[in-house]
Amino acid sequence: MSKKLTSRSEDYSKWYNELVVKADLAENSAVRGCMVIKPYGYAIWEKMQAELDKMFKETGHQNAYFPLFVPKSLFEAEEKNAEGFAKECAIVTHYRLQNDPDNKGKLRVDPDAKLEEELIVRPTSEAIIWNTYRGWIQSYRDLPLLINQWANVVRWEMRTRLFLRTAEFLWQEGHTAHETKAEAIAETKLMNGVYASFAENFMAIPVIQGVKTESERFAGAEDTYCIEALMQDGKALQAGTSHFLGQNFAKAFDVKFANKEGKQDYVWATSWGVSTRLMGALIMTHSDDHGLVLPPSLAPNQVVIVPIYKSEDDLNAITKVANGIMNALRGKNITVKFDHRTTHRPGAKFAQHELQGVPLRIAIGARDLENGTVEIARRDTLTKEVVALDGLTEKISGLLTQIQETLYNKALDFRNSHITEVDTFDDFKTVLENKTGFISAHWDGTIETENKIKELTKATIRCIPLEGEVKEGVCVYSGKPSKRRVLFAKAY
């Protein structure tokens with residue numbers, strides 16, 4: 001298969017789909033809408049998971065695990081949540097198959113093996129978790145309860161795309177219980193900030209923190225906080241959400257506690273999550289027509305060493321030097337791979353590692369050994385330089401830091417140059433179709449106007465930003481008074 005990708009400018013969607021497959025990240029499975037995450041793609045997800053898990057635990061959270069199946073009666077207990085996910089639910093109705101006597105070798109559902117109660121395959125876990133919490137919480141001394149789980153969920157999407165929207169995906173979901181409303185709101189904001197920090201410091205993706213409008217909130221939430229990122233094609237991507245659930249789930253599942261005055265009260269709740277959609281964000285923010293561009297913080301291999309040799313003696317000599325480099329780099333917690341495969345020529349190895357986004361590539365040949373040098377190639381800039389072996393570890397460490405910063409700043413410059421203030425609906429449509437990106441515009445606060453703009457332009461309100469000047473104006477569509485500007489965009 002040719003490694004050459006469709007150009008982003010030619011067909012961005014096709015470029016993305018090809019890159020995911022050719023870079024060996026994931027592929028479609030035999031189950032419609034579901035994906036197989038391949039080892040290289042899963043290695044990136046594991047690094048994301050490890051860093052996020054560390055951040056969760058540093059903020060006092062613990063991991064647990066809850067069942068994949070949710071009894072239908074529990075799922076229906078919180079009405080808004082059930083309605084919000086109803087059309088995406090997969091349901092188990094029977095528990096056994098039997099041989100089909102009319103069609104040898106085939107199986108059919110055993111009609112006598114119907115479940116007494118249908119089971120929902122979790123699209124999200126609030127119902128099963130809050131039913132469990134009822135037995136865990138009796139007193140204010142049991143609070144706060146700060147739980148996270150790493151899991152898979154199923155949302156039966158009709159239109160799917162690898163990582164961005166699949167019928168089954170991996171994620172984490174935090175579910176916390178608090179004594180007061182103020183504590184729950186503080187938790188919601190804290191975790192949204194954790195997501196923003198992760199996106200910016202590890203993924204090198206600048207994000208805007210904000211609050212969703214009522215129509216865009218998580219089903220069953222009183223407020224949804226979010227981080228919004230901008231992809232290279234000018235479309236927004238919701239990279240994480242954190243929800244203040246109020247007492248809705250506590251009341252639905254009768255989760256009460258004895259407060260400090262000895263009175264019974266309902267707990268206050270939050271939930272928050274990010275998913276393998278972050279993989280899509282990582283790909284679309286940094287990658288180019290040559291393949292993946294990975295920030296060093298999340299690259300499975302931050303450095304790859306490729307030997308260039310003609311004889312076995314050359315390879316042995318290069319291997320000795322390469323082992324010394326690897327030991328020194330690993331001593332600095334830098335991940336490095338020595339690609340000494342005999343089945344591939346150096347040019348093929350270079351192409352593969354470029355396609356897979358390895359931040360730094362070191363080439364060592366016989367002449368390099370004579371000169372005490374190596375050649376270093378940067379993936380982000382596609383530039384090369386010859387450097388001395390002396391001080392190589394410090395050089396590489398500095399370059400990895402530089403690449404991380406360069407990727408973030410490049411994405412930040414793009415994002416900032418694609419936030420456009422408009423005051424008329426004609427300008428709104430012109431920017432949306434020609435420049436793309438975020439549009440900062442006044443909105444009158446009504447769902448009717450929000451829906452009409454979406455109907456006419458396919459742009460949605462991505463968030464009401466937490467930062468920035470709050471200044472009254474006139475709605476870009478209705479002409480009615482507006483309290484502040486919000487951010488619109490077309491989105492994934």
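Quantities reported herein were computed from a predicted structural model and do not represent experimental measurements. The first residue in the sequence is number 1, and the count goes up from there.
- Proximity of Glu450 to Ser215: side-chain heavy atoms (C-beta onward) are separated by under 4.5 Å at one or more points.
- The existence of a salt bridge linking Glu228 and Arg462 is confirmed by a sub-4.0 Å separation between a basic side-chain nitrogen and an acidic carboxylate oxygen.
- With 3.5 Å as the limit, one finds no donor-acceptor pair spanning the side chains of Gln232 and His418.
- Taking CG of Asp233 as the reference point, atom OG of Ser9 lies at 12.0 Å (rounded to 0.5 Å).
- To the nearest 0.5 Å, the span separating CD1 on Ile205 from CG on Leu407 amounts to 10.0 Å.
- Here Trp272 and Phe56 bring their ring centres to under 6.0 angstrom of each other.
- Under the 4.5 Å side-chain criterion, counting only non-hydrogen atoms from C-beta, Val255 is not in contact with Asn131.
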Worksheet item: Going through the distances and angles, do Thr224 and Glu216 end up as a side chain to side chain donor-acceptor pair (under 3.5 Å)?
Response: CA-CA 8 Å; Thr224 289; Glu216 293 285 334; over 6 Å; no
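- Donor-acceptor pairing under 3.5 Å is lacking for the side chains of Tyr12 and Asn17.
- Sorted by first and then second residue, the side-chain hydrogen bond (donor to acceptor under 3.5 Å, both in side chains) pairs involving residues 30-51 (not counting sequence neighbours) are Asp24-Lys38.
- Contact record, Ile37 with Ala26: CA-CB, 4.2 Å, taken as the closest heavy-atom pair.
- Looking at Asp53 and Trp150, their side chains do bring a donor and an acceptor atom within 3.5 Å of each other.
- The structure places CG of Asn81 at 6.5 Å from OG1 of Thr124, a figure rounded to the nearest 0.5 Å.
- Nearest heavy-atom pair across Trp130 and Ala269 is CZ2-CB, 3.1 Å.
- In this structure, the side-chain contact (heavy atoms from CB on, under 4.5 Å) partners of Thr406, at least two apart in sequence or on a different chain, are Arg378, Asp380, Gln402.
- Note on Glu405 versus Lys410: no salt bridge recorded, every NZ/NE/NH1/NH2 to OD/OE distance being 4.0 Å or above.
- In summary, the aromatic rings of Phe198 and Tyr195 are positioned with their centroids too far apart to meet the 6.0 Å limit.
- Judged as a ring pair (Phe, Tyr, Trp, His ring centres under 6.0 Å), and not counting sequence neighbours, the contacts of Phe218 are Phe85, His243.
- The aromatic rings of Phe253 and Phe249 lie parallel to each other, their planes meeting at an angle below 30°, with 60° marking the opposite boundary.
- Residue pairs satisfying the side-chain hydrogen bond (donor to acceptor under 3.5 Å, both in side chains) criterion with at least one member in residues 421-431, sequence neighbours excluded, are listed as follows: Asp423-Arg485, Thr424-Asp427.
- Residue Lys435 places its NZ atom among more than 12 non-hydrogen atoms of other residues, nucleotides or ligands, all under 6.0 Å distant.
- The two atoms that bring Gln302 and Leu400 nearest to each other are O-CD2, 3.9 Å, heavy atoms only.
- Under 3.5 Å, the side chains of Glu126 and Ser271 contain a donor-acceptor pair of N or O atoms.
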Discussion item. Set out, in order, the CA-CA distance, both residues' side-chain angles and the distance that settles salt bridge (charged side-chain N to carboxylate O under 4.0 Å, His left out) for Lys395 and Glu385, then state yes or no.
Written reply: CA-CA 11 Å; Lys395 173 71 174 179; Glu385 62 176 319; 3.3 Å; yes
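- In this structure, CE on Met35 lies 10.0 Å from CG on Asn28, to the nearest 0.5 angstrom.
- We find that Glu18 and Lys4 are not joined by a salt bridge, their nearest charged nitrogen and carboxylate oxygen being 4.0 Å or further apart.
- Other residues, nucleotides and ligands contribute over 12 non-hydrogen atoms within 6.0 Å of the CD atom of Glu58.
- Side-chain atoms of Ser397 and Ile334, non-hydrogen and from C-beta on, do get closer than 4.5 Å to each other.
- With sequence neighbours left out, the ring pair (Phe, Tyr, Trp, His ring centres under 6.0 Å) criterion links Trp268 to no other residue.
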Fill in: Candidate pair Phe257 and Gln264, rule side-chain contact (heavy atoms from CB on, under 4.5 Å), full reasoning
CA-CA 5 Å; Phe257 71 102; Gln264 290 288 306; 6.0 Å; no
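- For Glu455 and Lys452, the salt-bridge test passes: some basic side-chain N is under 4.0 Å from an acidic carboxylate O.
- Closest of all the heavy-atom pairs between Asp265 and Gln247 is OD1-NE2, 3.6 Å.
- Inter-residue side-chain proximity for Ile362 and Glu375 is flagged as unmet; no heavy-atom pair is nearer than 4.5 Å.
- For the pair Ile464/Arg484, a side-chain contact is recorded, criterion being any heavy-atom separation below 4.5 Å from C-beta on.
- When all heavy atoms of Leu146 and Gly60 are compared, the pair lying nearest together is CD1-O, 3.6 Å.
- Residue Lys483 places its NZ atom among 12 or fewer non-hydrogen atoms of other residues, nucleotides or ligands, all under 6.0 Å distant.
- For Phe428 and Phe488, the ring centers are positioned less than 6.0 Å apart.
- Relative to the ring axis of Phe169, Arg155 does not place its NZ or CZ within 45° and under 6.0 Å from the centre.
- Within the model, atoms NE2 of His175 and CD of Glu173 stand 3.5 Å from one another, a figure rounded to the nearest 0.5 Å.
- Nearest approach of Asn201 to Ser297, heavy atoms of both residues: O-OG, 4.0 Å.
- Ser482 and Asp444 form no side-chain donor-acceptor contact under 3.5 Å, judged by distance and modelled atom types alone.
- Annotation: side chain of Tyr16 is in contact with side chain of Phe163 (closest heavy-atom distance under 4.5 Å).
- The list of side-chain hydrogen bond (donor to acceptor under 3.5 Å, both in side chains) pairs with a residue in residues 177-186, not counting sequence neighbours, reads Thr176-His178.
- The 12-atom threshold is not exceeded at CH2 of Trp156, counting heavy atoms of other residues, nucleotides or ligands nearer than 6.0 Å.
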Practice prompt. Would you check, one step at a time, whether the test salt bridge (charged side-chain N to carboxylate O under 4.0 Å, His left out) holds for Lys87 with Glu157?
Written response: CA-CA 9 Å; Lys87 293 181 180 179; Glu157 302 277 2; over 6 Å; no
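- For Phe425 and Tyr477, the ring centers sit closer than 6.0 Å to each other.
- For Asp223 and Lys189, the salt-bridge test fails: no basic side-chain N is under 4.0 Å from an acidic carboxylate O.
- A distance of 10.5 Å separates CE in Met231 from OG in Ser287, rounded to the nearest 0.5 Å.
- When side chains are defined from C-beta on, Pro295 does not count as touching Ile403, because their heavy atoms never get closer than 4.5 Å.
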